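Here is the structure we will look at.
Proteins come first, then strands; the chains are lettered A, B, ... in the order of their sequence lines, and each starts at number 1. Source: prediction; values computed, not measured.
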Amino acid sequence: MPEKRSGTQNRRDLPQGQEVSELLLSVYHYLENAYGDLGWWPADTLEEMVIGAILVQNVSWKNTVKALSNLNRAGLLNFRALDAAGVQEVAELVIPTRFYNMKANRLKSFARHVTTQYEGVLQHMLQQPFEVLRKELLAIPGIGPETADDILLYGAKYPSFVVDAYTIRVLSRCGIIPEHVTYEELRAWFMAHLPHNVPMFNQFHALLDRLGNRVCLAKRPHCDECPLQEVCDLRLQERTLSQS
DNA sequence: GTCCGGCATT
DNA sequence: AATGCGGGAC
């Protein structure tokens, strides 16, 4: 019979309990004090927000802006027009987002869905109940959990915590979470330990994104300028001590 | 694990 | 010019 671990937390499991809520809130406050209000999501319309969420997959925001402006110039920054446009034309306009054939197909899939199910009115789609909408989004080709949660939080304004690779890198480096966690598991963990507050979820993800993008880099992280130094170093120390 | 295939870095 | 970074969907 496999012996049950007691005492120290298994490194492969997510920590639980009231102290987790406090730790997450302190991470949030360190970041907010350093970076202030990031004002996400940067978009003028809901349609632009959703299109941007699809285009930004796997690429920098800078490239996404180029593609958004190309689409805008072509009058394709809305789902009715995208549904009517040819994939080839769309693909050429979104070349800066790198995986342009894939992105064009994803845009077309979403446009088709909004057109056939909601007569082209995105707001009507986003008014579905939280869980219904999440399932519906995930069923659209090219919409995975992160993009779905982007749309739920920044588009529909539901308290859906957005997890991304930066979230995992930052928190696992600090020793707060294991390196290998599934998306759904980590999202549920955040949502179980934080108040379901839309502006806070909005800002928390934006802050983690900023840190992972500019400071907590995959290679040669700039730890000297990290606002989480205190939390991070503390955790690493504790782990080292408890291993001896 | 694989796909996608621009752009920053070297 | 060449390399490889990079990450979300499947």
Side-chain angles (χ1 to χ4, degrees), chain A residues 12 38 40-43 48-74 76 79 82 87-114 133-156 160-174 177-191 201-202 204-223:
Chain A
R12 298 172 53 100
L38 268 18
W40 276 32
W41 183 287
E48 183 184 334
M49 185 271 131
V50 172
I51 292 166
I54 293 169
L55 292 178
V56 79
Q57 291 170 175
N58 327 314
V59 300
S60 70
W61 181 248
K62 205 182 140 194
N63 289 3
T64 305
V65 168
K66 286 188 198 172
L68 285 170
S69 110
N70 289 347
L71 288 173
N72 189 37
R73 201 162 355 92
L76 293 182
F79 290 116
L82 277 173
V87 229
Q88 186 59 36
E89 185 193 355
V90 178
E92 282 169 22
L93 295 166
V94 303
I95 283 177
T97 61
R98 198 175 171 193
F99 311 107
Y100 48 84
N101 289 126
M102 194 181 243
K103 298 283 175 71
N105 282 116
R106 290 177 181 181
L107 252 21
K108 292 282 292 172
S109 293
F110 204 101
R112 192 91 276 265
H113 183 85
V114 178
L133 179 57
R134 190 165 198 270
K135 286 206 177 72
E136 188 175 322
L137 286 165
L138 290 171
I140 300 171
I143 305 299
E146 183 183 344
T147 308
D149 289 325
D150 277 336
I151 295 168
L152 288 161
L153 180 60
Y154 297 105
S160 203
F161 200 91
V162 180
V163 169
D164 67 357
Y166 295 146
T167 310
I168 298 173
R169 185 160 78 217
V170 169
L171 296 188
S172 67
R173 268 188 181 158
C174 288
I177 63 168
E179 204 175 343
H180 301 288
V181 224
T182 67
Y183 184 100
E184 295 296 345
E185 199 184 2
L186 190 54
R187 172 178 179 269
W189 179 79
F190 269 102
M191 294 181 64
F201 278 14
N202 174 324
F204 207 162
H205 177 250
L207 289 165
L208 287 168
D209 184 278
R210 165 68 69 93
L211 187 73
N213 189 252
R214 305 197 191 171
V215 179
C216 196
L217 308 178
K219 285 191 173 173
R220 294 200 238 145
H222 304 166
C223 296

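R187(A) places its CZ atom 16 Å from the C1' atom of dG8(C), with the value rounded to the nearest Å. Atom CZ of R106(A) and atom P of dG7(C) are 16 Å apart (whole Å). We find that CD1 of I151(A) is positioned 14 Å from P of dG8(C), with the value rounded to whole Å. Whole-Å rounding puts the D150(A) CG to dG7(C) P distance at 14 Å. At whole-Å resolution of the value, CG in N213(A) and C1' in dG7(C) are 12 Å apart. In this structure, L137(A) atom CG and dC10(C) atom P are separated by 12 Å, rounded to whole Å. Distance R220(A) CZ to dT10(B) C1': 11 Å, rounded to the nearest Å. Regarding M102(A), its CE atom lies at a distance of 8 Å from the P atom of dC10(C), rounded to whole Å.
The side chain of T97(A) contributes no N or O atom lying less than 4.0 Å from OP1 or OP2 of dG6(B). When the side-chain nitrogen and oxygen atoms of R169(A) are compared with OP1 and OP2 of dG7(C), one or more of them lie within a distance under 4.0 Å. In this model, the phosphate group of dA9(C) is not approached by any side-chain N or O of Y183(A) to a distance below 4.0 Å at OP1 or OP2.
Checking side-chain atoms of R169(A) against main-chain N and O of G212(A) turns up a donor-acceptor pair under 3.5 Å. The closest donor-acceptor contact from the side chain of T147(A) to the backbone of I143(A) lies at 3.5 Å or more, if one exists at all. Within the 3.5 Å criterion, the main-chain N or O of M49(A) finds no donor-acceptor partner in the side chain of Y154(A).
If you look at F201(A) and F190(A), their ring centroids are not closer than 6.0 Å.
Within 4.0 Å (heavy atoms only), Y100(A) reaches sugar-phosphate atoms of the nucleic acid but no base atom. Residue S60(A) is out of contact with every strand shown, counting any heavy-atom pair closer than 4.0 Å. Contacts of K219(A) with the nucleic acid, taken as non-hydrogen atoms under 4.0 Å apart, involve only primed sugar atoms and P, OP1 or OP2.
Mapping N101(A) and K62(A) onto DNA chain B by nearest heavy atom places N101(A) at the nucleotide closer to the 5' end. When each of N63(A) and F99(A) is assigned the nucleotide of DNA chain B with its nearest heavy atom, F99(A) is the one assigned upstream, toward the 5' end.
In the set dC7(B), dG7(C), dC10(C), dC7(B) carries the atom at the smallest distance from any side-chain atom of K66(A). Distances were taken from every side-chain heavy atom of Q57(A) (C-beta onward) to each of dC10(C), dG6(B), dA9(C); the shortest belongs to dA9(C).
Identified under the side chain to side chain donor-acceptor pair (under 3.5 Å) test for residues 210-221 of chain A, with sequence neighbours left out: Y166(A)-N213(A).
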